Amino acid sequence: MPIFEYHRRVRYADTDQFQAAHHSRVYLWFEEARTELLRALGRLYTELESAGIFFPVREGACRYRHLARFDMLLDVAIESVELRGASMRFDYRVSAGDLVIADGYTVHACVDRDGKVMRIPPDVRAIFGKSAEVAEA
């Protein structure tokens with residue numbers, strides 16, 4: 001069971017002349033899901049940035065399984081969040097009903113305003129520790 005699901009439609013702007021979503025869009029959908037997960041957990045990413053905490057992507061991978069087409073309703077699921085000392089990993093699945101469109105992951109470093117790697121602060125760890133509660137909601 002995913003810990004969070006975000007629903008969106010494939011927009012015309014996401015597609016090419018074949019009306020298939022461009023492969024790069026999947027990473028944008030991953031980002032939207034992360035942002036909405038944080039919102040569901042009661043925080044905004046802008047609040048973390050204001051506190052000098054940033055999570056740039058340092059690694060990512062995606063396996064494309066089926067084309068996503070214009071106007072298709074997608075479920076972008078975060079399957080798991082793994083907290084490490086100074087980074088975190090998100091695992092994703094994008095589907096349309098029973099059809100899996102893509103799955104993948106991103107790893108994010110925790111850095112300060114100067115881009116220096118830092119340990120994930122305890123209050124941020126606590127926020128993501130609540131993600132299991134969101135899945136049950």
Side-chain angles (χ1 to χ4, degrees):
M1 180 170 139
I3 63 169
F4 182 75
E5 276 192 316
Y6 171 70
H7 309 287
R8 63 155 1 261
R9 287 205 179 271
V10 177
R11 300 170 308 157
Y12 191 78
D14 294 330
T15 64
D16 56 20
Q17 285 183 315
F18 192 50
Q19 290 194 351
H22 191 269
H23 65 276
S24 65
R25 297 301 189 182
V26 174
Y27 285 97
L28 295 174
W29 301 337
F30 290 173
E31 180 180 344
E32 289 173 359
R34 287 191 311 271
T35 302
E36 293 305 318
L37 168 62
L38 194 55
R39 185 185 315 278
L41 294 171
R43 292 291 292 273
L44 300 176
Y45 190 74
T46 54
E47 293 172 357
L48 296 180
E49 288 180 335
S50 294
I53 304 165
F54 299 84
F55 288 97
V57 175
R58 69 175 187 111
E59 181 182 334
C62 182
R63 182 173 37 198
Y64 302 94
R65 298 176 176 265
H66 291 285
L67 292 176
R69 299 229 179 248
F70 170 64
D71 207 36
M72 188 180 273
L73 182 60
L74 302 177
D75 300 314
V76 183
I78 296 177
E79 298 285 311
S80 64
V81 178
E82 177 188 344
L83 297 173
R84 300 172 181 170
S87 66
M88 64 175 79
R89 175 186 165 127
F90 295 84
D91 292 300
Y92 311 91
R93 185 188 77 255
V94 179
S95 58
D98 293 333
L99 182 66
V100 177
I101 303 298
D103 52 42
Y105 71 90
T106 55
V107 177
H108 303 258
C110 183
V111 301
D112 65 14
R113 289 186 200 286
D114 297 322
K116 182 180 173 194
V117 175
M118 60 187 269
R119 293 189 66 75
I120 299 172
D123 61 322
V124 176
R125 285 185 178 284
I127 293 166
F128 285 102
K130 295 187 328 186
S131 61
E133 297 169 21
V134 171
E136 297 170 7

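Numbers here simply count residues along the sequence, with the first being 1. What you are looking at is a predicted structure, and each value in this text was computed from that prediction instead of being measured. Values below: all heavy atoms of this structure, side chains included; hydrogens, waters and symmetry mates excluded.
There is a path of hydrophobic side-chain contacts, each under 4.5 Å, that joins V117 to M88. In this structure, I101 is a member of the same hydrophobic cluster as Y64, with clusters built from ILVMFWY side-chain heavy atoms closer than 4.5 Å. Hydrophobic cluster membership is shared by Y6 and I127, with clusters built from Ile, Leu, Val, Met, Phe, Trp and Tyr side chains linked at under 4.5 angstrom. Taken together through direct or relayed side-chain contacts under 4.5 Å among Ile, Leu, Val, Met, Phe, Trp and Tyr, L48 and V57 form parts of separate hydrophobic clusters. Linking Ile, Leu, Val, Met, Phe, Trp and Tyr residues whenever their side-chain heavy atoms come within less than 4.5 Å places L83 and I78 in a single cluster.
Closest approach of I53 and P121 over heavy atoms only: CD1-CG, 3.7 Å. Minimum heavy-atom separation, A68 to V10: CB-CG2, 4.0 Å. Heavy atoms only, all atoms of each residue included: S87 and I120 are closest at O-CD1, 3.2 Å. Nearest heavy atoms, R113 versus E49: NH1-O, 3.2 Å. The two residues L38 and L44 come nearest to each other via the heavy atoms CD2-C, 3.9 Å. Across C62 and V26, no two heavy atoms sit closer than the pair SG-CG1, 3.6 Å.
Atom CG of residue D75 and atom CG of residue L99 lie 11.0 Å apart, to the nearest 0.5 angstrom. Distance OG1/T15 to CE/M72: 11.5 Å, rounded to 0.5 Å. To the nearest 0.5 Å, atoms CZ (F70) and CZ (R9) are separated by 9.5 Å.
For the pair R43 and D123, the minimum side-chain heavy-atom distance is below 4.5 Å. At least one side-chain heavy atom of L37 sits less than 4.5 Å from a side-chain heavy atom of V81. Side-chain contact between R58 and V111 is absent, with no heavy-atom pair separated by less than 4.5 Å. Looking at heavy atoms from C-beta onward, E32 lies out of side-chain contact with V76 at the 4.5 angstrom threshold. Inter-residue side-chain proximity for E79 and D103 is flagged as unmet; no heavy-atom pair is nearer than 4.5 Å. In this structure, the side chains of F55 and V124 come closer than 4.5 Å at one or more pairs of heavy atoms.
Using a cut-off of 4.0 Å between Lys/Arg side-chain N and Asp/Glu carboxylate O, D91 and R89 are scored as salt-bridged. R93 and E5 are joined by a salt bridge, as a carboxylate oxygen and a charged side-chain nitrogen come within less than 4.0 angstrom of each other.
Under the 3.5 Å distance criterion, the side-chain polar atoms of D114 are left unmatched by any main-chain donor or acceptor of K116. Between the side chain of R119 and the backbone N or O of C110, no donor-acceptor pair lies under 3.5 Å. Here the side chain of R125 pairs a donor or acceptor atom with the backbone of G85 at under 3.5 angstrom.
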Inset, instruction - Evaluate the side chain to side chain contact (heavy atoms under 4.5 Å, CB included) criterion for residues D14 and R8: first the C-alpha distance (whole Å), next the side-chain angles of each, then the deciding distance (0.1 Å), finally the verdict. - result: CA-CA 12 Å; D14 294 330; R8 63 155 1 261; 3.2 Å; yes

Inset, instruction - Applying side chain to side chain contact (heavy atoms under 4.5 Å, CB included), run through F4 and F90 and close with a yes or a no. - result: CA-CA 11 Å; F4 182 75; F90 295 84; over 6 Å; no

Legend entry - Test log, rule side chain to side chain contact (heavy atoms under 4.5 Å, CB included), inputs Q19 and Y12: CA-CA 7 Å; Q19 290 194 351; Y12 191 78; 4.1 Å; yes

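Between the side chains of Y105 and E59, at least one donor N or O lies within less than 3.5 Å of an accepting N or O.
Among pairs with a residue in residues 17-37, those fulfilling ring pair (Phe, Tyr, Trp, His ring centres under 6.0 Å) read Y27-F30, F30-Y92, at least two apart in sequence or across chains.
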